[in-house]
Amino acid sequence: MCGIVGYIGNKDCVRFLVDGLKRVEYRGYDSAGILIYRKNTAEHFLVKNVGKIIELEKSISSNLSGNIGIAHTRWATHGEPNHKNSHPHVSNDGNIFLVHNGIIENYTSLKKKLEKTGFTFYSETDTEILVNLIQHYYKGDIEKAVKEALLDVKGTYGIGVFCLNEPDKLIAARLGSPLLIGIGKNENYFASDPSSVLKKTSEVVYMQDREIAVITKDSVVHKTLDDELLEKSIEKISFELTDIEKSGYDHFMLKEIFEQPKTITDSMRGRLLLEEGTTKLGGLNEHPEIYNSLINADKIYIVACGTSWHSALIGEYMLEEYAKIPVEVEYASEFRYRDPIITPKTVVIAISQSGETADTLAAIKEAKRKGAVVLGICNVVGSSISKETDAGVYLHAGPEIGVASTKAFTSQVIVLALITIDIARRKHLSFRQGYKIVKELKILPALVESILENSAVIKEIAKKFSSAKNFLYLGRGYNFPVALEGALKLKEISYIHAEGYPAAEMKHGPIALIDENMPVIFIAIKDTIYDKVITNIKEVKARNGVVISIASYGDEEIDLISDYVIKIPDTTNLLSPILTVIPLQLLAYYIAVEKGYNVDMPRNLAKSVTVE
Ligand code: F6R
């Protein structure tokens with residue numbers, strides 16, 4: 001969603017700020033803006049544009065330069081994307097500039113209060129109210145004014161503030177919206193995402209909720225909103241520039257699909273104990289009391305959204321079959337607003353790639369309020385969800401930039417399998433069974449590689465079906481959630497309507513849709529319910545449906561009853577989603593490319609959904 005970048009130093013910072021915004025383009029936005037201050041002439045320049053950053057660049061004059069600046073990409077929440085609603089926002093007296101991510105919930109009451117004291121508002125945004133609230137408190141000390149204003153605010157924010165009267169400093173503050181300080185030499189930076197500063201520095205300080213930072217070119221002072229000085233440690237950004245570049249691929253999504261042999265390996269690194277036929281997860285073993293709550297739980301809720309919710313469904317099948325613990329998977333947004341029954345032996349697992357999804361964060365808070373132990377499965381190190389949970393496991397899949405999640409999904413499934421095996425082995429799973437699964441895990445990256453090598457077949461099928469208006473995805477057991485995920489991938493990036501269903505459910509309704517124009521994708525690998533899926537395929541063929549099957553190498557029967565077949569290798573049942581999802585990711589990708597869409601930035605979508 002929105003992105004923030006700031007710079008203070010001696011060098012010209014226009015390029016750095018624009019490039020910093022470009023690094024977070026993938027998160028989704030609809031307008032962008034920049035404020036630049038030039039020290040030697042004490043001039044400032046405000047440039048804003050609706051649309052892409054490239055439009056902003058066109059509006060920035062070639063001789064614009066300055067050594068302090070704040071910049072923003074906005075994803076509209078309060079008011080449509082237009083010039084006056086774009087950030088940076090400026091106070092009525094023209095002295096204070098603000099960029100803001102998040103939502104000020106009590107903006108109506110704050111607005112009324114400020115209007116009574118003579119303030120005028122020109123935009124529809126909550127941000128303009130905050131910048132004027134800061135002006136309201138400003139008596140010559142911007143740090144103090146920001147603190148006072150933030151104490152009045154209900155909601156979430158990551159903010160960057162610049163004050164013309166005090167041009168030697170920038171102020172940053174956070175509550176529920178990520179912000180970090182980049183440490184440079186004779187210059188410092190702030191940003192909502194580490195990728196925005198990585199070209200300049202890999203040393204960062206992650207801000208926590210209710211913290212404020214006063215940033216000059218030579219120093220950064222961290223305090224709480226209550227004025228308590230903080231000693232913060234400098235951390236290294238956990239990825240490299242090559243991880244956030246396309247590295248020769250046409251799109252980040254394609255790069256991330258093809259990276260999966262590596263990311264799956266990274267998610268398993270140091271976590272497989274083949275000799276003992278089990279797994280280990282540092283993030284859980286380091287908290288034995290919390291981990292014991294999970295092992296001995298009599299009920300697990302898994303909360304998540306979107307693709308992470310699909311991996312949660314696979315986790316439900318795994319944990320129930322192998323660890324024998326009852327599991328309920330909930331959309332985080334629903335969990336939060338209904339009244340889930342939390343007993344002393346209930347454990348909640350939250351799954352999130354970004355670690356910033358507002359609905360998932362709210363569900364975690366609700367679960368904690370009700371006394372549950374909450375574990376996290378996250379990709380982004382140091383994210384809000386990783387901080388909010390009692391313990392957890394990182395995916396180590398590296399930054400995911402394509403808006404449609406791919407490599408995070410397969411890593412989530414891996415981590416869920418690792419947790420399942422460890423718990424099951426502590427209970428009743430035999431060494432022999434555990435050993436067999438761990439052995440399969442070890443060869444999984446090579447199996448994924450072999451499917452990717454076959455991508456040309458999938459590209460051809462994509463070409464044939466890119467003009468279809470509807471798709472149906474069907475699977476059973478562990479591959480029912482994969483059917484949902486395949487349909488979601490297609491919808492997100494190709495804007496084709498697609499539905500995922502348990503294959504047997506088809507005859508309870510969706511079968512009415514089937515005709516010669518309806519491609520039906522079956523996940524029909526040789527598992528225990530293969531024969532049932534074959535029956536479902538025949539039902540579709542009997543109604544002239546077009547069948548594309550994802551099937552096992554060596555299966556010849558399927559060739560006779562399908563129109564197109566994509567063959568993949570076999571693995572053990574709980575790991576099969578990692579192999580079956582790869583052709584579906586590629587199919588969605590190639591169809592969207594065939595239709596000429598911007599795969600990495602699909603319309604209306606944001607990479608991390610930080611509003612409820
Ligand atoms: C789908 C997709 C979204 C996310 C969802 C949750 O491709 O990317 O559906 O899965 O917004 O995001 P995280 O996992 O970051 O909580």
Side-chain angles (χ1 to χ4, degrees), residues 1 24 26-28 75 176-178 192-193 251-254 256-257 260 263 267 302-315 329-336 348-364 374-389 392-395 397-413 415-416 473 481-482 484-495 498 500 581-582 584-589 592 597-612:
M1 289 192 136
V24 288
Y26 71 94
R27 287 172 164 260
W75 190 83
S177 193
S192 50
D193 190 302
H251 296 98
F252 281 110
M253 182 179 174
L254 190 64
E256 287 158 8
I257 292 173
Q260 289 176 105
T263 51
S267 300
I302 313 184
V303 294
C305 306
T307 288
S308 298
W309 185 80
H310 296 154
S311 72
L313 288 175
I314 297 169
V329 176
E330 288 263 3
Y331 285 114
S333 53
E334 289 298 313
F335 180 88
R336 194 225 166 153
V348 174
I349 301 177
I351 306 182
S352 173
Q353 186 285 129
S354 63
E356 301 296 343
T357 301
D359 286 325
T360 311
L361 257 173
I364 292 169
V374 185
L375 302 172
I377 297 177
C378 277
N379 193 32
V380 177
V381 177
S383 56
S384 301
I385 290 178
S386 70
K387 299 264 191 265
E388 193 66 43
T389 42
V393 183
Y394 281 122
L395 303 181
E400 188 177 68
I401 293 176
V403 166
S405 185
T406 53
K407 64 177 182 173
F409 175 79
T410 43
S411 286
Q412 287 165 347
V413 177
V415 165
L416 285 160
Y473 286 70
V482 176
L484 298 180
E485 176 60 7
L488 179 66
K489 288 289 88 85
L490 189 71
K491 277 185 268 209
E492 283 181 299
I493 57 171
S494 73
Y495 319 138
V581 80
I582 307 284
L584 303 188
Q585 295 171 344
L586 285 167
L587 188 69
Y589 172 80
Y597 293 134
N598 183 346
V599 174
D600 284 335
M601 278 181 263
R603 69 183 180 208
N604 305 337
L605 291 180
K607 181 64 186 163
S608 96
V609 184
T610 51
V611 292
E612 282 183 56

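First listed ligand is number 1; within each ligand, the first listed atom is number 1. FYI, the numbering just counts along the sequence from 1.
- Here's the thing with Gln412: none of its N/O atoms is less than 3.5 angstrom from an N/O atom of ligand 1.
- Among all protein heavy atoms, the one lying closest to atom 10 (O) of ligand 1 is Thr307 N, 3.0 Å.
- Of the candidates Val581, Leu488, Leu395, Val581 is the only one forming a side chain to side chain contact (heavy atoms under 4.5 Å, CB included) with Phe409.
- The atoms of ligand 1 that sit less than 4.0 Å from any heavy atom of Ser308 are 10 (O), 13 (P), 14 (O).
- Remark: ligand 1 and Lys489 share an N or O pair separated by less than 3.5 Å (distance only, no angle test).
- Between Tyr597 and Tyr495, the ring centre distance stays below 6.0 Å.
- Under the 30°/60° scheme for interplanar angles, the aromatic rings of His251 and Tyr589 are found to stand perpendicular.
- Between the CD atom of Gln585 and the CD atom of Glu485 there is a distance of 7.0 Å, given to the nearest 0.5 Å.
- If you check which protein heavy atom lies closest to atom 2 (C) of ligand 1, you get Glu492 OE2, 3.5 Å.
- Here the heavy atom of the protein found nearest to atom 5 (C) of ligand 1 is Cys305 O, 3.7 Å.
- Protein heavy atom at the shortest distance from atom 11 (O) of ligand 1 is Val609 CG2, 4.1 Å.
- Nearest protein heavy-atom contact of atom 12 (O) of ligand 1 is Thr357 OG1, 3.5 Å.
- Among the atoms of Val403, some N or O lies under 3.5 angstrom from an N or O of ligand 1.
- Taking every heavy atom of Ala404 and a limit of under 4.0 angstrom, the matching atoms of ligand 1 come to 7 (O).
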